[in-house]
Every structure is written in C-alpha cells, then in structure tokens.
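Since the model is a prediction, treat every value here as computed from it, not as a measurement.
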Amino acid sequence: MSKFYDLIPSQETMYLMQKYTLHKQIVQIPSAFSVDMDVDFNTLLKALNIEIERNDSLRLRFKKNGKKIQQYFLDEYKLDSVKILTFKTETEQNEFFEKDAKKPVKFMKDECYRFYFFNGYNGYKGIYSNVSHMAMDAMGILVCYLDLLSVYKALKDGTELPAPLCKYEDYIIKEHERCANKERFEKDRQFYDEYFRSAGEPSYCGVHGPEFLEKERIKKKNPDLKVPSAYNPLLDKADVLQKKVSPELSRKILEFCKARSVAPESLMLLGMRTHLSWLNGRDPYGFQMLMCSKRIRKTDMRTGGCMAQPIQVRTVLSEDMTFQEGLDEFLHVRTSLYKHLSYPYIAARDQSREIFGFSMIQGPAALMFSWLPIPVTELTEFKFDFKTYNLGRYFSPLYAICYPDPRSESLMLHYMYRVKLITPEHLDALHTNTLKIIEKGIENPDITIGELLDSLNG
C-alpha cells in the first residue's frame, strides 16, 4: 500500500499561487527539449518508460485527504504511447505548444504531466512536456530531460544504463525531518526577524516605474504607502517576451562570473535592481525574489521533483559603493539566506507581513528571477534547443528566467509579465539597461553605483 506524505514547503509555495488567481495553469511548467540528431521515437518511448521507473517524481500523484492535499508514489506506471507531432514552420510549432501551455494540468485528477514527441520545423527532434509544478520544478525537468537522453543513448548504443537517479521520496522524508527540527526552525525565524527589521519597511520598485504606486497612494489616501496591492486574482493575464544577450557579452558575463566566483544570478539581479532603482527615484532599497532550486548537495542534482522555493533578496546599496561591492553584498545576502533554506518561504512571507502590516495581496517584490544552469559541458556531442512557453496567466508582476543556450552561444532571457501592469517597452528598457550596467561593471568593477545610475540618464 502506498504511503501518503504531506506536502513539503516547496510544494506548499507552488500551491499557494493558486490562491492568488482564478486560473489554474500557473502551477505548471511547459517546455520543449530537442536535439539535432535523428531520433527513433519507438526507442524514445522505451527510454521514457525506463525514465518513469528511474525517476520517481514521474510516478508522484496527489489526493485530497480531508482539508489538506497529500501525495504518494505509484509503484509502477507505463505509457502505452506518446503522440508524435510534425511541424513545418516555427509559427505552427509555437502556436501548438503555446495552446497546450495554457491548458491546465489537472494534478488533482492524476494528470501530473503531458508529453508529446515532435519533429521540429528546424530538423531537430524532441520532447515537449507540460508538468505540474507540484511534481517538478524547472531543474527537476532538466534532470528528467538529461537523464532521459542518457537512457535513450544507452539503448541506441547497446551500452549500460547511466547511474540511477536519487529518489525524490527520500528528499521528501528528509525535508519533513528538517521542518520538524524546532530548534533549527526557531533559529531560522530569529534570522528572518532581524533580516526584515534591519533595513525597515521595503519599497516596491516596479519595472513600470512609480505610477502604479502613486495611484494606490491616492486611492488609499496614504502618501507614505510603500507597498501596493500588486497581486490581483482577476487581472493576472500574462504574456512572454524573449530576448537574447549577444554571444560576445554572454561570454564576458560567464567568464567574469567564473573568474570571480560570482553566481550569474547575482550579476543579473544587480543589473536589474540598478535599473529599477534608477526608474524609481534612485531608491537604494532593492527587494527582488530569487527562485532558488535548493539543489545544494550532489545527490540533489540527480534528483527529480520539486525542491525550489523563492527567497527574498533584500539589498541596500548606497551610491558610493562600487559595482564589485554591490556584487559582494549580493553574495553576502545570498549566502546568509542559503544558510536558512530549510525555513519555509510561506513562514518567511507571513513573518514579513506581520512585521510590516502587509495585506494578503500586498508584496514589495516587483520582480522574481530564476537562473537555470543548463549543464552545457555535458552536451558536447550534439546541439540542442530548450524552450519554455507562455502560461497565459501569472500571479506576480514579472518573472525573468535566464539560461545559457549553446545553440546560439548566448544567454537567453525569458520575461513573463502581467500585461495589465507592464508593457514590452518597459521590458525593452529593463533588458537594455541591465546589460549596459553589467557590461560597464565587468569592464570596470570600481565604477560606483551612483556613476552607473548617472549613465542611464543619457
């Protein structure tokens, strides 16, 4: 008989999103992974069924038990077939997957994912999946794709299967043990209490500028209001804008990060928050969300499932600080927050709400960011293409995802934005200025934040 488990904090966070929307597709991840080699789809189906055996997050199911949702693992599961699609044009391919991306994955009705195999318009062959965020996060999907590819190659070459993946069920058990550690929980709570109080109430600095906040100040008759009601369950229609960083600047960014042991997400967030500061009266208080994969241990990197949860990155950067000092501050904040990853995001969010008196729909973060470290070095035998698709709805104003694309040798940025708040022009400015700031900082790490802000005036 299957054992039932309560949701872990990462899953509770994903489920929380549904409370801020009337639309159910925001708790899923639609994406496609394709390669420039001939693929035998019969063998790929065999590989996918082996992957379902190896990767227990593909056998994860959910059930309502009283007022709470619980999860369990199927002992066995097999797909008899997967539909094979053929696309003649890029438009045809994108339109099909965009339509499926907006169709809810009914994870409470035993549909935790949908798969399609496809012959791409560009000659690439691949697999599309639309996966419930309750069962997998973005890194969990990459673990699945890369392991599936390894299994497929082993079947085609007649070699041994790759080393087995680690069990997501084991991670769930350990995560519940960590959450039950009351002494550790209290230390985490004390850290967040000091973290939130140390710099006072945060300010909302939107990519759309101060107009939204000013309108709410008038509406609420409170000229000192710092954080508006940014989460709207009705006005959550979203669109996606994809942009590319030039191969030359992409190389500079990754080489700089490697040489200085800097996480790419810190560099990107510093660029973005500097633009947001400039746009909102040079506000020195930056507050962004960073979606952390929580895959810290080597075993985690070979585990599927959903581990990710947001962390609240708050930085106070004075204008006389240098670009390098700003990066050091991001490193300090990230390191501090990473020491407390066992603390549930919902607990931290409720703590900040209590401290500053925020309502359920108020939030100081106008931007959430994710870095997907696609392991390019492991994929040298062929070219591949990875793409995510537009959900059509989203709970936060803006979600920016960045990942290396070896096909174009560029960093790709995927901006999912709420159309009621943000326009493509807002994102053009964010993208252009973020890269301008980063390039100036890479060339001269001693340039000050104030000088970077001044450079945007032109």
Side-chain angles (χ1 to χ4, degrees), residues 5-21 26-27 62 65-71 133-135 137 139-140 168 171-202 204 226-227 229-231 233 285-297 300 305-315 332-370 395-396 399:
Y5 300 96
D6 289 340
L7 300 181
I8 59 174
S10 297
Q11 294 168 317
E12 289 177 337
T13 299
M14 301 311 164
Y15 189 66
L16 179 71
M17 294 181 190
Q18 286 202 346
K19 295 184 179 180
Y20 293 107
T21 181
I26 63 169
V27 287
F62 299 88
N65 189 353
K67 292 185 177 181
K68 65 181 179 180
I69 296 174
Q70 290 191 307
Q71 57 191 318
H133 217 319
M134 300 287 286
D137 54 28
M139 279 303 298
Y168 183 52
Y171 178 83
I172 289 174
I173 293 169
K174 290 177 182 177
E175 188 75 342
H176 280 306
E177 289 173 353
R178 285 188 282 266
C179 291
N181 186 330
K182 294 182 179 180
E183 182 179 352
R184 184 171 183 170
F185 188 91
E186 179 57 23
K187 286 182 179 179
D188 292 337
R189 190 199 65 78
Q190 291 176 3
F191 163 80
Y192 268 101
D193 189 74
E194 182 178 345
Y195 177 66
F196 288 133
R197 294 181 188 276
S198 61
E201 183 179 356
Y204 176 92
K226 291 186 176 182
V227 177
S229 302
Y231 305 108
Y285 297 93
F287 195 109
Q288 292 86 37
M289 305 293 287
L290 175 63
M291 184 62 80
C292 173
S293 75
K294 291 184 68 175
R295 284 174 165 81
I296 306 300
R297 307 164 189 84
D300 297 339
C306 177
M307 301 183 190
Q309 68 176 30
I311 55 175
Q312 301 171 77
V313 180
R314 184 148 189 218
T315 51
H332 168 71
V333 172
R334 278 182 74 251
T335 302
S336 298
L337 292 169
Y338 273 37
K339 290 178 180 177
H340 301 273
L341 282 179
S342 62
Y343 196 59
Y345 163 72
I346 294 177
R349 185 207 64 142
D350 288 348
Q351 211 168 324
S352 66
R353 284 181 50 238
E354 183 179 342
I355 290 172
F356 300 116
F358 296 153
S359 71
M360 288 294 292
I361 58 174
Q362 278 181 287
L367 166 68
M368 184 157 69
F369 181 84
S370 272
F395 79 104
S396 70
Y399 186 15

> Can you check side chain to side chain contact (heavy atoms under 4.5 Å, CB included) on Gln70 and Lys68, steps first, answer last?
Replying inline: CA-CA 7 Å; Gln70 290 191 307; Lys68 65 181 179 180; 3.9 Å; yes
> Where do Phe196 and Ala348 come nearest, in terms of heavy atoms and distance?
Replying inline: CE1-O, 3.4 Å
> Residues in salt bridge (charged side-chain N to carboxylate O under 4.0 Å, His left out) with Arg189, at least two apart?
Replying inline: Glu186
>> Thr13: which residues meet the side chain to side chain contact (heavy atoms under 4.5 Å, CB included) condition with it, sequence neighbours left out?
In response: Gln309, Pro310, Tyr345, Ile346
> Is it the case that Arg178 places NZ or CZ above or below the six-membered ring of Tyr171, under 6.0 angstrom from the centre and within 45 degrees of the axis?
Replying inline: yes
>> Restricting to non-hydrogen atoms, name the atom on Ser342 and the atom on Asp188 that form the minimum distance, rounded to 0.1 Å.
In response: OG-OD2, 3.2 Å
> For the atom pair CD1 (Ile311) and OH (Tyr338), what is the distance rounded to the nearest 0.5 Å?
Replying inline: 5.0 Å
> Can you name the side chain to side chain contact (heavy atoms under 4.5 Å, CB included) partners of Ala366, sequence neighbours left out?
Replying inline: Tyr204
> Would you say Arg314's side chain and Ala199's backbone share a donor-acceptor pair under 3.5 angstrom?
Replying inline: yes
> Got a sec, which residues hit side chain to side chain contact (heavy atoms under 4.5 Å, CB included) with Glu201, two or more places apart in sequence or on another chain?
Replying inline: Lys226, Val227, Phe356, Phe358
>> Working to the nearest 0.5 angstrom, can you tell me the gap between Leu290 CG and Leu367 CG?
In response: 9.5 Å
> Side chains of Ser293 and Asp137: is there a donor and an acceptor less than 3.5 Å apart?
Replying inline: no
>> Tell me whether the count of non-hydrogen atoms from other residues, nucleotides or ligands lying under 6.0 Å of CD in Glu354 goes above 12.
In response: no
> Can you name the residues that form a ring pair (Phe, Tyr, Trp, His ring centres under 6.0 Å) with Tyr285, not counting sequence neighbours?
Replying inline: none
>> Is there a side chain to side chain contact (heavy atoms under 4.5 Å, CB included) between Gln312 and Ser352? Walk through the geometry before answering.
In response: CA-CA 10 Å; Gln312 301 171 77; Ser352 66; 4.1 Å; yes
>> So does Leu341 get a backbone contact from the side chain of Lys294, meaning a donor-acceptor N/O pair under 3.5 Å?
In response: yes
> What distance do Arg184 atom CZ and Cys179 atom SG have between them, rounded to the nearest 0.5 Å?
Replying inline: 9.5 Å
>> To the nearest 0.5 Å, what is the distance between NZ on Lys187 and NE2 on His340?
In response: 9.5 Å
> What class does the angle between the rings of Tyr195 and Tyr192 fall in, given that below 30° is parallel, 30 to 60° is tilted and above 60° is perpendicular?
Replying inline: perpendicular
>> Quick check for you: to the nearest 0.5 Å, what is the distance between Leu16 atom CG and Gln11 atom CD?
In response: 13.5 Å
> For the residue pair Ala230 and Gly363, what are the closest heavy atoms and their distance?
Replying inline: CB-O, 4.3 Å
> If every non-hydrogen atom of Ser370 is compared with every non-hydrogen atom of Tyr399, which pair is closest and at what distance?
Replying inline: OG-OH, 2.6 Å
> Just by distance, with hydrogens left out, do Tyr168 and Gln71 show a side-chain donor and acceptor under 3.5 Å apart?
Replying inline: no
> Would Glu175 and Tyr5 count as a side-chain hydrogen bond (donor to acceptor under 3.5 Å, both in side chains) if you check the C-alpha gap in whole Å, the side-chain angles of each, and the deciding distance to 0.1 Å?
Replying inline: CA-CA 11 Å; Glu175 188 75 342; Tyr5 300 96; over 6 Å; no
> Hey, what do you get for CG (Leu337) to NE2 (His332), rounding to the nearest 0.5 Å?
Replying inline: 9.0 Å
> Which heavy atom of Ala347 sits nearest a heavy atom of Phe185, and at what distance?
Replying inline: CB-CZ, 4.4 Å
> Who are the side chain to side chain contact (heavy atoms under 4.5 Å, CB included) partners of Thr335, not counting sequence neighbours?
Replying inline: Leu331, Lys339
>> Working note: Met134 + Leu7, criterion side chain to side chain contact (heavy atoms under 4.5 Å, CB included); need CA distance, chi angles, decisive distance, verdict.
In response: CA-CA 9 Å; Met134 300 287 286; Leu7 300 181; 3.7 Å; yes
